Amino acid sequence: MTKKKNNLILIIPAFLLMGMAIGIQTKELFKHTIVGLIVGIIVYFFLKYRNNKINKTKL
């Protein structure tokens with residue numbers, strides 16, 4: 001079996017683009033883009049921490 005690729009880093013641009021889409025609709029592009037970027041970074045580190053914790057308990 002092949003090892004699964006870890007594409008967790010792709011969460012950050014996904015949240016950035018969602019923030020931009022909301023910003024375009026509400027005419028506050030810069031504000032919502034920054035919020036999307038910050039949320040994406042927070043979610044990335046949370047999931048990275050959770051995955052490391054899960055992987056340590058499996059060993």
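Just so it is clear, the values below take in all heavy atoms, side chains as well, and ignore hydrogens, waters and symmetry mates. Computed from a predicted model, the values in this text were never measured in an experiment.
Atom OG1 of residue Thr57 and atom CD1 of residue Ile54 lie 6.5 Å apart, to the nearest 0.5 angstrom. The NZ atom of Lys27 sits 11.5 Å away from the CG atom of Leu29 when rounded to the nearest 0.5 Å. Put simply, CE on Met18 and CG on Leu37 are 12.0 Å apart, with the number rounded to the nearest 0.5 Å. In this structure, the separation between CG on Leu17 and OG1 on Thr33 is 9.0 Å, given to the nearest 0.5 Å. A distance of 8.0 Å separates CD1 of Ile9 from NZ of Lys48, quoted to the nearest 0.5 Å. To the nearest 0.5 Å, the span separating CG on Leu16 from CD1 on Ile11 amounts to 13.0 Å.
Taking both residues in full, the closest heavy atoms of His32 and Ile22 are given as ND1-CG2, 3.9 Å, listed atom of the first, atom of the second, then distance. Pairing each heavy atom of Tyr44 with each of Leu8, the nearest pair is CD1-O, 3.6 Å.
Residues Ile41 and Val39 share a hydrophobic cluster, clusters being chains of Ile/Leu/Val/Met/Phe/Trp/Tyr side chains in contact below 4.5 Å. Cluster membership for Phe46 and Phe15, using ILVMFWY side-chain heavy atoms within less than 4.5 angstrom, is shared. Using a 4.5 Å cut-off between side-chain heavy atoms of Ile, Leu, Val, Met, Phe, Trp and Tyr, with links allowed through other members, Ile38 and Phe45 fall into different hydrophobic clusters.
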